[in-house]
Number of protein chains: 2
Amino acid sequence: MAIPPAVNRPVRTIERAIEIMEYLKENDTATVSEMTDHLDCAKSTTHRYMKTLAANSLLVEDGNEYQLGIRFLDYGEVARNKYRLYDEAKPRVDELAEETEEKIWCAVEEHGRSVHIYGAQGKHSVQTYARVGHRNYLHQHAAGKAILAHLPDSQITETIDRHGLPGRTPQTITDRDELWEEIETIRDRGYAFNFQESVEGLHAVGAPITDENDVAIGAISVSGPASRLEGPFLRDELPTLLLGVVNEIGINMAHP
Amino acid sequence: MAIPPAVNRPVRTIERAIEIMEYLKENDTATVSEMTDHLDCAKSTTHRYMKTLAANSLLVEDGNEYQLGIRFLDYGEVARNKYRLYDEAKPRVDELAEETEEKIWCAVEEHGRSVHIYGAQGKHSVQTYARVGHRNYLHQHAAGKAILAHLPDSQITETIDRHGLPGRTPQTITDRDELWEEIETIRDRGYAFNFQESVEGLHAVGAPITDENDVAIGAISVSGPASRLEGPFLRDELPTLLLGVVNEIGINMAHP
DNA sequence: CTCCTGATTCAAGCTACTCGAACAAAACAC
DNA sequence: GTGTTTTGTTCGAGTAGCTTGAATCAGGAG
């Protein structure tokens with residue numbers, strides 16, 4: 001897992017095709033000309049790329065505009081179902097959302113980053129940038145920090161070396177030493193907090209789902225406005241609730 | 001929409017990369033050697049392809065085995081959220097699943113095929129090959145036929161020409177004339193049935209969601225075992241329920 | 001009407017993708 | 001233990017095919 005992705009001689013054609021997908025993910029829609037400005041090649045090349053992708057349903061063209069095709073849903077769903085965690089976690093995440101009335105996420109680690117594999121919203125839950133499939137830096141949010149703290153030290157170092165510690169809000173931990181301290185704290189108490197470290201005004205708690213060796217295979221988090229998630233509710237009640245859930249999931253994962 | 005994907009000179013490199021993804025979708029996991037047998041090129045080439053894809057998190061390697069990365073979830077989710085239909089349909093699909101206790105699907109048309117963009121299961125719903133993101137021939141299932149019947153004739157012809165009418169069960173309609181008759185029937189009554197045409201022992205009803213010009217933008221279906229979905233329940237009750245829902249969605253779509 | 005902007009096609013040139021051979025590492029047979 | 005087989009991986013050379021820029025076509029605006 002988390003192998004450095006240094007390829008000897010990557011295929012540039014593939015990399016550029018991915019750049020197109022990535023650009024469309026960020027910008028929803030683009031024309032050949034617009035994409036040409038973004039890539040570094042001739043317009044005819046971009047045109048050929050996009051037509052090829054569209055012919056295979058990865059892109060959909062609507063007039064001169066291209067966007068991502070829902071064929072990706074298929075690949076995404078297959079990838080997600082690889083994780084047994086998804087099946088185990090989904091019902092509990094739904095329950096948690098109902099109980100807490102806040103936003104619940106289940107995340108896993110892949111390539112040193114976190115991916116939200118499932119989310120459920122409670123009555124009052126807030127909408128943030130996050131969505132299913134969203135890739136995130138581990139150090140920037142509660143679930144990610146919970147995972148990070150429950151990885152072997154070597155893998156933590158590797159992850160930091162590889163991705164650095166980019167900030168997101170003024171509260172994000174961007175200092176290595178500070179992060180290691182935080183990791184110690186998280187290891188001691190068994191769960192992680194996020195005080196406006198990913199989004200201003202947003203608090204969260206995250207607890208790891210671990211295997212028999214106490215290594216994280218994922219995490220669950222509750223997040224909501226700082227005004228609601230505070231005091232004993234945030235400090236005691238939610239963590240207790242979360243720990244119960246992740247323990248249960250962990251046990252179910254260990255004994256299929 | 002539904003433009004023939006004939007590209008003048010497709011980029012073979014991209015096409016082969018997609019073949020790798022497709023193979024992994026079908027077979028869950030593969031090694032370089034296994035993939036080489038499948039593709040028609042040197043092992044070193046396959047190796048370079050897969051390493052490049054893995055370096056970009058589209059593939060994940062676990063030892064010598066590769067599988068699809070959950071990065072696709074991200075792309076898939078973005079693509080799905082393009083469809084306003086998804087937001088409108090999701091809550092009603094959930095309700096229908098609760099009410100009927102059967103499996104409900106919401107599908108859209110893309111490139112002459114259908115894609116399940118959302119599904120919900122009721123208490124008794126059966127598991128079939130279908131899953132979110134699944135691409136299907138329009139003529140093989142209830143939702144697809146409902147969509148097909150509510151497309152312009154020219155587009156229907158185009159679709160049949162492009163994809164043919166492959167069978168799936170002995171009941172699948174594989175004859176053009178027969179399909180056109182069926183389309184007329186569906187147009188008259190406003191919804192479509194599926195009598196074991198996609199899966200043996202499975203019945204379904206599908207109704208189209210149409211825009212102001214009565215052109216389909218998607219469809220909703222209820223499916224379940226032939227033993228439960230029969231008689232007046234299948235013939236009258238379910239269609240009435242479905243029509244109510246799709247009308248409501250259609251109106252909401254037209255008046256945002 | 002002309003002008004402009006965008007998509008699309010095409011021949012020619014040369015980049016970089018493909019190949020096969022060679023190496024390394026692991027699994028296996030005996 | 002050694003030899004054998006199977007796997008992933010690297011690298012130089014050759015040429016397939018990708019890239020390019022110019023030319024053409026399509027649509028809108030003034």
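Every chain is numbered from 1, with letters handed out A, B, ... down the list of sequences. Being a predicted model, the structure only gives us computed values, none of them experimental.
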> Under a 3.5 Å threshold, yes or no: a donor from one side chain and an acceptor from the other, between B:E110 and B:Y83?
yes
> For residues A:I220 and A:W105, determine if any side-chain heavy atom of one lies less than 4.5 Å from a side-chain heavy atom of the other.
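In short, these two side chains do not touch, never coming nearer than 4.5 Å.
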> With sequence neighbours excluded, what pairs up with A:Y66 under the side chain to side chain donor-acceptor pair (under 3.5 Å) test?
A:E61
> Could you check which of C:dA7, C:dC10, C:dG20 has an atom nearest any side-chain atom of B:R9?
C:dC10
> Separation of A:K51 atom NZ from C:dC10 atom P, in whole Å?
14 Å
> To the nearest 0.5 angstrom, please state how far the CD atom of A:E182 sits from the CD1 atom of A:I173.
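One gets 4.0 Å once the value is rounded to the nearest 0.5 Å.
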> Between B:D40 and A:N64, which has a closest nucleotide on DNA chain C that is more 5'?
A:N64
> With respect to the side chain of B:A42, which nucleotide from C:dG6, C:dC10, C:dG20 is positioned closest?
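When the side chain of B:A42 is considered, C:dG20 is the closest of C:dG6, C:dC10, C:dG20.
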> Which pairs, with at least one residue in residues 140-164 of chain A and sequence neighbours excluded, count as a ring pair (Phe, Tyr, Trp, His ring centres under 6.0 Å)?
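Qualifying pairs: A:H116-A:H141.
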> Between B:R113 and B:Y137, is NZ or CZ placed under 6.0 angstrom from the six-membered ring centre and within 45° of the ring axis?
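Positive - B:R113 is close enough to the ring of B:Y137 and near enough to its axis.
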> In whole Å, I'd like the distance from the CZ atom of A:R48 to the C1' atom of C:dT15.
13 Å
> Within the structure shown, what part of the strands sits under 4.0 Å from A:R12 by heavy-atom distance: base, sugar-phosphate, or nothing?
sugar-phosphate
> Would you mind checking if B:R176 and B:D161 are paired as a salt bridge, meaning a charged N to carboxylate O distance below 4.0 Å?
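Salt bridge: yes.
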> Could you give the start and end, 5' to 3', of the contact zone on DNA chain D for chain B, using atoms under 4.0 Å from its heavy atoms?
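Footprint of chain B along DNA chain D, 5' to 3': D:dT7 to D:dT19.
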> Using OP1 and OP2 only, check whether a side-chain N or O of A:H47 sits under 4.0 Å from C:dT8.
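Yes, because at least one side-chain N or O of A:H47 sits under 4.0 Å from OP1 or OP2 of C:dT8.
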> Is the shortest side-chain N/O distance from A:S44 to OP1 or OP2 of C:dT9 below 4.0 Å?
no
> Taking only N and O in the side chain of B:K43, is any of them less than 4.0 Å away from OP1 or OP2 of C:dG20?
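Looking at the OP1 and OP2 atoms of C:dG20, neither is under 4.0 Å from any side-chain N or O of B:K43.
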> Salt bridge (Lys or Arg N to Asp or Glu O under 4.0 Å) with A:E248: which residues, sequence neighbours excluded?
A:R92
> Between the side chains of B:T172 and B:Q140, is a donor N or O closer than 3.5 angstrom to an acceptor N or O?
no
> Whole angstrom is fine here: how far is it from CD1 in A:I14 over to P in C:dA16?
15 Å
> Bend angle of the helix from C:dC1-D:dG30 to C:dC30-D:dG1 from five-pair axes at both ends, rounded to 10°?
40°
> Give the residues of residues 16-38 of chain A touching DNA chain C, defined as any heavy atom closer than 4.0 Å, sorted by residue number.
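Contacts with DNA chain C under 4.0 Å: A:T31, A:V32, A:S33.
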> Round to the nearest Å and state the distance from A:Y49 atom OH to C:dT8 atom P.
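These atoms are roughly 17 Å apart.
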> Between B:L59 and B:Q67, is there a side-chain heavy-atom distance shorter than 4.5 Å?
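The answer is no; the side chains never approach within 4.5 Å.
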> Between A:E22 and B:R71, is there a salt bridge with N-O shorter than 4.0 Å?
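Yes, B:R71 and A:E22 are salt-bridged.
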